[in-house]
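Some notes on the structure that comes next.
Hydrogens, waters and symmetry mates play no part in the numbers below; they use all other heavy atoms, side chains included. Indexing begins at 1, ligand by ligand and atom by atom, following the structure's order.
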Amino acid sequence: MTRRRRIYEGKAKVLFEGPEPGTLVQYFKDDATAFNNQKKGVITGKGVLNNRISEYLMVRLGEMGIPTHFVRRLNMREQLVREVEIIPIEVVCRNVAAGSLSKRFGIAEGTQLPRSILEFYYKSDELGDPMVTEEHITAFGWADTQDMDDMISMTLRINDYLSGLFLGIGLKLVDFKVEYGRLWEDEQMRIVLADEISPDNCRLWDSKTNEKLDKDRFRQDLGKVEEAYQEVARRLGILPEGGPADVSGPKVMQ
Ligand code: UDP
């Protein structure tokens, strides 16, 4: 097999040159990191599950009018995506207090927020992804006010849609992080949802028991990490055929 050109390697994914110009192959690894890379580990089968979960959610979001970079899933660990210029901002949307918000403001984890809250973080490993405001983002030219309006309105729509989707399968969408990219088509630029949406970047709690079914199980050493990702896939009705045993699957590239 010819080795494809590796464009970028991140903590949980690798991007390879795609089969045609303007496309990339997004490969999902089992590697997990937390606390700005200080904690590292492997969650067996995570890549396979996140590939499926992100495919499912991106397709559903596309159907309700959110433009995304997703084209199609290629195999167990890879999906074809449109090449975009990533805007270096992580957009976090919160419905329930948890994680850094609970810590920063001393609000007990699990407290329902008075309304959904958006936050922005500048993507920089060296700086530890500092929180920024729209003022920083526009002043430093990471995005302009039109880009911000687009990202904010899309994130709020994504939140409403995904909150309902997850509620329907007994999961509470506590918070999530999304990233956007610029896509050029015939001299026209539009902002599309990029990266992935999975239990790596969402907090998902069982709506009855508040059991955590996301990466916090890894961050906080709660155990049953693989099982939590599988449970999310199972409830979405997309557990790979053959059941959980199938998830480590064929390692297409490594
Ligand atoms: N998040 C993420 N990548 C990051 C930081 C946060 O995907 O680099 C997600 C995280 O999984 C959670 C939400 O964004 O769903 C809010 O995270 P928080 O700010 O509470 O940070 P954390 O507690 O993860 O440090």
Side-chain angles (χ1 to χ4, degrees), residues 8-13 26 28-41 43 46-47 49-51 53-54 57-58 61 69 86-113 115-133 137 142 151-152 154-156 158-163 165-167 171-181 193-207 210-222 225 228-229 231-232:
Y8 172 81
E9 175 143 16
K11 290 167 230 160
K13 293 189 293 292
Q26 186 166 255
F28 288 74
K29 301 191 279 186
D30 284 347
D31 298 354
T33 61
F35 313 119
N36 197 31
N37 255 330
Q38 288 172 47
K39 183 180 168 100
K40 289 187 177 147
I43 303 172
K46 173 173 82 78
L49 291 166
N50 281 357
N51 187 19
I53 294 169
S54 196
L57 298 176
M58 289 274 182
L61 288 167
H69 73 159
I86 291 287
I87 295 172
I89 299 297
E90 298 192 337
V91 183
V92 167
C93 180
R94 304 176 180 275
N95 302 305
V96 173
S100 67
L101 179 125
S102 287
K103 212 178 290 166
R104 190 176 316 118
F105 300 111
I107 303 176
E109 225 184 40
T111 307
Q112 183 74 40
L113 297 171
R115 61 179 176 83
S116 301
I117 294 176
L118 293 188
E119 296 172 347
F120 308 104
Y121 295 85
Y122 176 53
K123 272 165 68 74
S124 162
D125 284 342
E126 304 89 79
L127 301 175
D129 295 352
M131 193 189 217
V132 292
T133 67
I137 296 170
W142 298 320
M151 290 194 286
I152 291 168
M154 278 196 265
T155 306
L156 292 173
I158 292 167
N159 183 45
D160 282 348
Y161 182 82
L162 291 186
S163 292
L165 183 149
F166 282 121
L167 201 60
L171 292 173
K172 200 189 288 179
L173 181 60
V174 169
D175 56 32
F176 64 93
K177 183 268 292 183
V178 280
E179 294 182 24
Y180 293 94
L193 179 64
D195 193 49
E196 68 174 292
I197 305 186
S198 73
D200 267 9
N201 38 47
C202 296
R203 284 197 171 91
L204 295 164
W205 295 357
D206 183 274
S207 33
N210 279 347
E211 186 189 3
K212 294 176 177 177
L213 294 169
D214 55 56
K215 205 169 105 178
D216 270 352
R217 299 204 74 84
F218 168 76
R219 291 189 189 100
Q220 301 169 5
D221 294 317
L222 299 175
V225 189
Y229 284 70
E231 179 61 12
V232 173

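Of the residues Lys215, Lys13, Lys46, Lys11, the one that meets the side chain to side chain donor-acceptor pair (under 3.5 Å) test with Asp200 is Lys46.
Distances below 4.0 Å separate heavy atoms of Asp129 from the following atoms of ligand 1: 8 (O). Taking a cut-off of under 4.0 Å to the non-hydrogen atoms of Gly99, the atoms of ligand 1 that pass are 20 (O), 23 (O). For ligand 1, the atoms lying closer than 4.0 Å to a non-hydrogen atom of Tyr121 are 19 (O). In summary, the atoms of ligand 1 found under 4.0 Å from a heavy atom of Cys202, numbered by their order in the structure, are 15 (O). Of all atoms in ligand 1, numbered sequentially from 1 with element shown, those under 4.0 Å from a heavy atom of Val92 are 14 (O), 16 (C). Close contacts between ligand 1 and Asp200 involve ligand atoms 7 (O), 11 (O) [criterion: under 4.0 Å to a heavy atom].
In this structure, Lys215 has no heavy atom closer than 4.0 Å to ligand 1. Using a 4.0 angstrom heavy-atom cutoff, Phe35 does not count as in contact with ligand 1. Ligand 1 is approached by Arg219 to a heavy-atom distance shorter than 4.0 Å.
Proximity of a side-chain donor or acceptor of Arg217 to a complementary backbone N or O of Leu222 within less than 3.5 Å is detected.
With contacts defined as side-chain heavy-atom distances shorter than 4.5 Å, the pair Val91/Met154 does not qualify. Phe176 is listed as a side-chain neighbour of Asn159, based on a closest heavy-atom distance under 4.5 Å. Counting heavy atoms from C-beta outward, Asn95 and Lys172 have side chains that stay 4.5 Å or more apart.
In this model, no donor atom of one side chain and acceptor atom of the other lie less than 3.5 Å apart for Tyr229 and Ser198.
Within a 4.0 Å radius of atom 6 (C) of ligand 1, the protein contributes no heavy atom. Inside a 4.0 Å radius of atom 25 (O) of ligand 1 there is not any protein heavy atom.
In terms of polar-atom proximity, Glu119 is not counted as a contact of ligand 1, lacking any N or O under 3.5 Å from an N or O of the ligand.
Nearest protein neighbour of atom 1 (N) of ligand 1, counting heavy atoms only, is Lys177 CB, 3.8 Å.
Under 4.0 Å from ligand 1, the heavy atoms of Arg94 that appear belong solely to its side chain.
Contact check on Arg203 versus Asp175 returns a salt bridge, with a Lys/Arg side-chain nitrogen under 4.0 Å from an Asp/Glu carboxylate oxygen.
To the nearest 0.5 Å, atom CD1 of residue Ile87 and atom CD1 of residue Ile137 are 9.5 Å apart.
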